[in-house]
Number of protein chains: 2
Amino acid sequence: MPTKTVRNNLASDFPDQVDQSELLGLLGYNIRRTYLVVQSTFDAQMEKLELRQADFAVLSTLRHNPGINQKSLADALAIAPPNLATLLDRLESGGLLMRQRSADDKRIQHVSLTAQGARLHTQALKAAQKADEVAVHKLSAAERQQLKSLLSKIFAA
Amino acid sequence: MPTKTVRNNLASDFPDQVDQSELLGLLGYNIRRTYLVVQSTFDAQMEKLELRQADFAVLSTLRHNPGINQKSLADALAIAPPNLATLLDRLESGGLLMRQRSADDKRIQHVSLTAQGARLHTQALKAAQKADEVAVHKLSAAERQQLKSLLSKIFAA
DNA sequence: TATTGTTATACTCTATAACTATA
DNA sequence: TATAGTTATAGAGTATAACAATA
């Protein structure tokens, strides 16, 4: 094999030799890289339903908390209120949810899924579970539980 | 205490009652929420150095792989080449790194830190380690190692 | 023809300021 | 005065297409 060929491949072969030990020693970097993988797996599974990550989080929360107001929804999902407003506009236009002004306090909007929204949530949940399965298929059930427990210690209030 | 006050606080108190069990049952969502926390902790620590997450990843990789080419750097850090090009432009303008056209293959740029870049990297590493410490302070040393090991099973090739 | 790197561009996500209507 | 929600907008992050230079 000619030396030239080896030299030509040097650039693309280099990645295997890249020393990333410093970055990989940082938990934050491991979480970042894991998030990138999980995110793209999720998006791939959810593509056919035309739902984004935040959309699914909203559908799921509405399914289990019908009539929740937007402030609570925004807080629970860590979405800024202006961004939630436009997200809800879009899902409402698509017939997935309804907003109802509170009679007690007319500032408040109560949000609920429509029947169509509930049906889509059922499908979306399956897709999300499938994405989870694809992303963490290398982990045993015990390891998955362990990972969830460790992560929740970091982000829980 | 008047009933009215309680009713006024209902909206903001609702979050504590929000049922998020479905979302929290998904590992992907746990990783997403953890990433948000870690990211903002990192940004807070790195703010005074005016470095973004990808900037630090580049400085770290250059420190340990001087003369690496942009293709390898892009692959190693999962950054798209056009985005890496502009990122390097910015760091080069700031005097943190140098690009040197390869003599063997004039398509290739070899990238290295300047002395100033190396000094900034040293400070940035301390900030990154501090951010790690702040984010995962609730975890024991054994748990941190365990978490790192579980995460790397998900994102490693 | 294929590869490295660049430019231009667009799209999504996120953050902030200012406004309304209600309380 | 304070809060819920909205509008408008700006910024950062990411992705793609097209190109120049070189192999």
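Values in this document were obtained by computation on a predicted structure and should not be read as measured data. Every heavy atom of this structure was used, including side-chain atoms; hydrogens, water molecules and symmetry mates were not. A note on names: the letters A, B, ... follow the listed sequences, proteins ahead of strands, and every chain is numbered from 1.
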Quick one: B/Leu84 CG to C/dG5 P, roughly how many Å, whole number?
9 Å
Restricting to salt bridge (charged side-chain N to carboxylate O under 4.0 Å, His left out), what partner residues turn up for A/Asp132, sequence neighbours left out?
none
Assess the residue pair A/Glu133 and A/Arg144 against the criterion (salt bridge (Lys or Arg N to Asp or Glu O under 4.0 Å)); give the C-alpha distance rounded to whole Å, side-chain angles, the decisive distance to 0.1 Å, and a yes or no.
CA-CA 10 Å; A/Glu133 178 56 35; A/Arg144 293 175 200 196; 2.9 Å; yes
Which residue pairs satisfy the salt bridge (charged side-chain N to carboxylate O under 4.0 Å, His left out) criterion with at least one member in residues 29-46 of chain B, sequence neighbours excluded?
none
Between D/dA4 atom C1' and A/Ile79 atom CD1, what is the distance in whole Å?
16 Å
Salt bridge (charged side-chain N to carboxylate O under 4.0 Å, His left out) against A/Glu47, all qualifying residues, sequence neighbours excluded
none
In terms of the nearest nucleotide of DNA chain C, which residue is placed more toward the 5' end: A/Ala54 or B/Gln70?
B/Gln70
Taking only residues two or more places apart in sequence or in another chain, which ones pass side chain to side chain contact (heavy atoms under 4.5 Å, CB included) with B/Ala127?
B/Gln45, B/Met46, B/Lys48, B/Leu49
Let me know the distance between CD1 of A/Ile108 and P of D/dA2, rounded to the nearest Å.
18 Å
When you check the phosphate oxygens OP1 and OP2 of D/dA4, does a side-chain N or O of A/Arg99 lie under 4.0 Å from one of them?
no
Whole angstrom value for the distance that separates P of C/dC13 from CG of A/Asp55:
8 Å
Provide, to the nearest angstrom, the distance between the NZ atom belonging to A/Lys71 and the C1' atom belonging to D/dT6.
16 Å
Going by the salt bridge (charged side-chain N to carboxylate O under 4.0 Å, His left out) test, which pairs reach into residues 87-99 of chain B, not counting sequence neighbours?
B/Asp55-B/Arg90, B/Asp89-B/Arg99, B/Glu92-B/Arg99
Common cluster, A/Val134/B/Phe155, ILVMFWY with side-chain heavy-atom separation under 4.5 Å:
no
If I take atom CD in residue A/Gln109 and atom P in nucleotide C/dA23, what distance separates them, rounded to the nearest angstrom?
13 Å
Pairing residues for A/Arg119 by the salt bridge (charged side-chain N to carboxylate O under 4.0 Å, His left out) criterion, not counting sequence neighbours:
none
Among residues 85-92 of chain B, which ones have heavy-atom contacts with DNA chain C below 4.0 Å?
B/Ala85, B/Asp89
Of A/Ala103 and A/Ala78, whose nearest nucleotide on DNA chain C comes first from the 5' end?
A/Ala78
Taking OH from A/Tyr35 and P from D/dG13, how many angstroms apart are they, rounded to a whole number?
13 Å
To the nearest Å, give me how far apart CD (B/Glu47) and P (C/dA15) are.
14 Å
For A/Lys106, give me all partners under salt bridge (charged side-chain N to carboxylate O under 4.0 Å, His left out), at least two apart in sequence or on another chain.
none
Nearest to side-chain heavy atoms of A/Arg101, which nucleotide of D/dT14, D/dG5, C/dT14:
D/dG5
Between the protein and nucleotides 16-22 of chain D, which nitrogen or oxygen pairs come in under 3.5 angstrom?
unit_1: D/dT22; atom_1: O3'; unit_2: B/Lys106; atom_2: N; d: 3.4

